[in-house]
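Structure, as structure tokens:
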Amino acid sequence: MKKIITTAAVALALAAPSMSAMAERENPFLKPYDTKYEIAPFDRIETSDFIPAIKAGIAEQDEAIMNIVRNRAVPDFDNTILPLENLSPILERVCGVFYHYMEAMSTPEFATMSEEAIPLLNDANNKLMLNDLLFQRIQQVYDNRDKQGLTPVQKRVVEKYYRQFAEQGAALPADKKEELVRINNELSKLFIQFNRNLLNATNQFAVIVYDKEELAGLPQSSIDQAADEAKTRGLNDMWVFTLHAPSRLPVLQYADSRGLRKAIYEGYTNLASYGDNSNLPVISQIVKLRNEKAKLMGFDTFAAMMTSRVMAKTPEAASELLMQVFEPAVNRSKEEVKDMQAYVDAHGGGFKIAPYDYYYYADKVKREKFDLDDTATRPYFALDNVLKGMFDATEKLYGVKFVEIPDAPKYIEDMRVYDVVDAKTGEHVAVWMCDYFPRDTKRQGAWMEQMQSAGLYGDGTYKRPIVYNVGNFSRPTADAPALLTADEVETMFHEFGHALQGMLTTAPYKSLAGTNVDRDYVEMCSQMNEHWAFSPEVLKTYARHYKTGEVIPDEMVQKIVEAGKFNQGFMTTELAGAAILDMMYGEQAEVKDPKAFELMVAEKIGMPEEITFRYRSPYFKHIFGDDGYASGYYTYLWAQVLEADAWELFQQKGIFDKKTAASFKKNILEAGDTEDAMVLFKRFRGHNPDTNALLRLRGFAK
């Protein structure tokens with residue numbers, strides 16, 4: 001649509017629509033969507049629709065809040081709590097698309113508009129969460145929840161709303177509320193700036209290769225993509241590598257040129273660290289404001305405030321878990337570095353392993369030990385085949401099928417939309433969308449979200465969810481389909497695990513549905529789903545050579561299994577290190593020099609010099625792009641403890657054991673937040689989480 005508008009600008013100017021025709025056009029967000037399953041009509045949405053719809057939604061929400069507050073009846077679940085689930089259908093519709101576009105379709109026009117939209121949404125949230133009269137009614141219901149004949153699930157909804165309002169400052173006196181609003185607004189602007197700087201810095205960096213000899217060692221698919229990127233920039237007979245993962249990672253893993261590896265590595269690890277796009281001053285301001293906010297809320301530190309809301313309860317408990325994993329991981333990484341250094345020395349390298357050598361020589365050692373590398377496995381991982389294998393495993397485990405909806409609305413041509421249905425009855429379960437290829441308007445990484453939650457809506461209907469996965473995987477080339485690396489396959493299964501929790505939920509209320517669970521529990525389902533990606537039983541169903549159709553050979557499957565614990569020291573060290581860095585940021589009153597602070601943390605914990613934090617501070621979007629994982633990045637590791645323990649049960653019973661799969665579906669995927677996470681886990685597993693299960697899974701302990 002945008003290409004047509006751009007290339008036909010003169011024609012459009014000559015044949016501009018009449019004022020009456022323009023007036024007749026309806027904002028698609030203002031009414032329920034008339035599409036199948038109420039999928040957003042992306043083809044009818046324009047950037048100019050967002051602000052009017054957001055304003056209309058805020059007005060609708062304000063009126064709903066007033067209706068709750070003005071109700072003279074004694075506050076109860078039906079007249080106070082239930083309306084909070086559906087304050088504004090308009091706002092739900094527009095925000096479902098708005099927040100998705102911020103991450104995946106952030107054109108310059110959209111980014112400019114979002115700078116106006118975000119303050120509006122923040123103000124609306126403040127008016128909701130800091131409304132004295134509303135909180136008084138919520139507190140009344142909360143105080144009398146045991147006397148109102150509520151079901152256990154309804155009681156949990158009441159408790160959740162009370163806790164959320166209290167955590168957002170609803171119980172503060174007026175002067176402190178005013179200060180909280182100021183801090184929240186400033187933080188919101190800083191988050192926008194951090195994300196904009198990161199996107200701009202990522203798009204502005206490139207390494208141009210003029211000499212074909214510099215490409216030695218790279219897979220042909222990576223060379224072809226670099227050539228295509230160069231052509232789009234008007235650089236014929238050259239190759240351009242960017243910091244997007246499908247371009248960056250093959251260079252680090254395969255390029256024989258140490259200079260090329262170093263250029264890409266230093267470009268990435270210095271991302272958003274200098275010039276107009278530097279996030280260093282932004283980080284300093286965020287840390288200071290977060291500390292002020294924590295003090296205002298009655299906590300000693302921001303980390304104490306954030307951990308109080310999840311399973312860990314204290315920074316000390318979270319840090320203890322991290323060190324339990326970090327120390328054995330570092331020990332294992334030292335063994336890995338020793339193996340790599342021996343390889344360098346044996347091949348006349350004459351240098352000491354540096355961080356930009358890690359991926360490359362880890363791959364060399366892996367090939368030597370297991371005779372396995374991504375160039376051998378990648379032809380068997382065509383995206384469409386992996387997708388089918390993922391669907392087949394899901395149907396076998398949980399009894400749902402994925403039926404593509406070819407005529408569904410799309411915001412970009414290469415996305416796909418599926419109707420998720422019960423395999424036996426054909427009943428609609430959810431809508432699932434996937435958007436897997438990189439572009440300039442999309443941030444790096446991979447994620448899951450939803451445009452519509454499951455749950456009870458204001459009109460009395462129970463709606464099923466609309467869930468999506470986004471990735472930045474290797475694109476197809478002129479000669480081959482999209483061929484995924486093993487890491488990309490794992491990422492695809494990981495994010496789909498999140499999607500399963502969103503799609504299969506049976507929680508009756510939106511606030512409890514899907515992934516609306518404790519932060520240190522939400523990653524369990526995604527990490528759990530990774531295990532099926534490379535299980536031999538599953539691999540044999542989808543891993544077929546894209547040219548010959550040959551099923552992946554048994555010996556290659558065996559090598560994949562044997563290599564499963566390879567390089568776990570590195571991967572666990574960089575993850576745990578980043579989680580410790582995050583937690584230590586949350587314990588500071590201020591950090592004037594983030595670079596120096598990061599170096600201090602690395603030295604304090606004994607971070608190996610050959611390994612960098614998974615995310616360095618200026619591009620640690622999880623903790624500085626918003627508050628989502630701030631002082632909570634450790635939750636990936638806690639969730640890995642749960643996942644490792646849960647997977648051991650599947651290993652004992654069989655990875656497709658019907659009883660075990662049914663229990664996992666009922667107690668974990670469907671339950672959402674209807675009960676305490678620990679209760680649900682113990683009901684599935686039969687005991688408290690076993691920390692040693694993670695060490696066993698990583699090969700650090702027996």
Side-chain angles (χ1 to χ4, degrees), residues 163-164 166-169 179-180 182-184 186-191 193-195 198 272 279-326 518-523 573-607 612-640:
R163 185 178 72 251
Q164 287 177 342
E167 289 173 351
Q168 292 295 314
E179 179 68 4
L180 183 63
R182 178 192 68 79
I183 292 172
N184 284 341
E186 288 188 32
L187 281 170
S188 176
K189 293 173 185 175
L190 290 168
F191 295 152
Q193 187 178 348
F194 183 95
N195 293 324
L198 180 53
N279 272 329
L280 297 174
V282 180
I283 291 168
S284 295
Q285 294 177 70
I286 289 174
V287 171
K288 186 173 182 293
L289 285 167
R290 281 175 169 168
N291 181 66
E292 291 177 16
K293 182 175 180 177
K295 291 282 197 288
L296 198 64
M297 297 296 293
F299 292 90
D300 291 337
T301 65
F302 180 75
M305 181 176 78
M306 297 302 283
T307 52
S308 72
R309 303 171 178 179
V310 290
M311 294 172 78
K313 302 306 178 191
T314 67
E316 292 76 18
S319 297
E320 182 181 355
L321 167 70
L322 289 172
M323 294 311 297
Q324 284 176 6
V325 177
F326 182 73
D518 286 350
R519 176 59 68 190
D520 45 1
Y521 183 60
V522 75
E523 291 296 333
T573 297
E574 64 163 7
L575 171 62
I580 294 168
L581 175 66
D582 165 43
M583 192 61 66
M584 292 186 72
Y585 265 121
E587 294 177 323
Q588 309 306 308
E590 61 179 0
V591 174
K592 293 182 178 179
D593 185 345
K595 271 191 174 180
F597 179 77
E598 190 178 285
L599 181 61
M600 180 275 293
V601 173
E603 291 176 349
K604 181 177 180 179
I605 65 176
M607 192 78 172
T612 308
F613 296 109
R614 175 167 291 188
Y615 300 103
R616 297 192 66 189
S617 304
Y619 53 91
F620 204 163
K621 181 180 170 65
H622 285 79
I623 68 170
F624 293 123
D626 55 41
D627 276 340
Y629 280 90
S631 291
Y633 194 67
Y634 83 92
T635 59
Y636 278 96
L637 274 170
W638 174 243
Q640 284 179 5

Testing N279, V282, V601, I283 one by one against S617 for a side-chain contact (heavy atoms from CB on, under 4.5 Å), which residue passes? I283

Hey, do the aromatic rings of Y636 and Y633 have their centres closer than 6.0 Å? yes

Would you give the length of the straight line joining atom CG of L581 to atom CD1 of I605, rounded to the nearest 0.5 angstrom? 8.0 Å

Can you tell me how far the CD atom of E167 sits from the CD atom of Q164, to the nearest 0.5 Å? 7.0 Å

Are E320 and E316 close enough that some pair of their side-chain heavy atoms sits under 4.5 Å apart? no

With a 6.0 Å cut-off (strictly less than), is the heavy-atom count around CG of D593, excluding the residue itself, greater than 12? yes

Just do the side-chain contact (heavy atoms from CB on, under 4.5 Å) check on M607 and I580 with the steps written out, would you? CA-CA 11 Å; M607 192 78 172; I580 294 168; over 6 Å; no

Could you measure the distance from the CG atom of N184 to the CZ atom of F191? Nearest 0.5 Å is fine. 8.5 Å

Considering non-hydrogen atoms only, spot the tightest contact between N195 and G625 and give its length. ND2-O, 3.1 Å

L575 to Q640 - nearest heavy-atom pair and separation: CD2-NE2, 3.5 Å

Pair F302-M297, side-chain contact (heavy atoms from CB on, under 4.5 Å): steps then yes or no: CA-CA 9 Å; F302 180 75; M297 297 296 293; over 6 Å; no

Indicate the ring-plane relationship of Y615 and H622, choosing parallel, tilted or perpendicular according to the 30° and 60° boundaries. tilted

Nearest-0.5 Å distance, NZ of residue K621 to CG of residue D626: 6.5 Å

Examine distances only and state if a side-chain atom of R290 and a backbone atom of A630 form a donor-acceptor pair shorter than 3.5 Å. no

Between atom CE of M600 and atom CZ of F597, what is the distance when rounded to the nearest 0.5 Å? 4.5 Å

Gap separating the CE atom of M305 from the NZ atom of K293, nearest 0.5 angstrom: 5.0 Å

Which heavy atom of P618 sits nearest a heavy atom of A272, and at what distance? CB-O, 3.3 Å

Donor-acceptor under 3.5 Å (S631 side chain, M583 main chain): no

Does K595, at its NZ atom, have more than 12 non-hydrogen atoms belonging to other residues, nucleotides or ligands within less than 6.0 Å? no

Is K592 atom NZ crowded by more than 12 heavy atoms from other residues, nucleotides or ligands, each under 6.0 Å away? no

On a heavy-atom basis, the closest approach of L637 and L321 is C-CD2, 4.5 Å

side-chain contact (heavy atoms from CB on, under 4.5 Å) for L289 and E292? Distances and angles first, verdict last. CA-CA 5 Å; L289 285 167; E292 291 177 16; 3.8 Å; yes

If I compare all heavy atoms of N291 with all of T301, which pair ends up nearest, and what's the gap? OD1-CA, 4.5 Å

Could you give me the CA-CA distance, side-chain angles and deciding distance for M306 and F299, then say whether side-chain contact (heavy atoms from CB on, under 4.5 Å) is met? CA-CA 10 Å; M306 297 302 283; F299 292 90; over 6 Å; no

Looking at every heavy atom in both D582 and Y634, which two are closest together, and how far apart are they? OD2-N, 4.4 Å

Would you say the rings of Y585 and F620 are close, in the sense that their centroids are separated by under 6.0 Å? no

Under a 4.0 Å threshold between the charged nitrogen and the carboxylate oxygen, would E179 count as salt-bridged to R182? yes

Between Q588 (side chain only) and V287 (backbone N and O only), is there a donor and an acceptor less than 3.5 Å apart? no

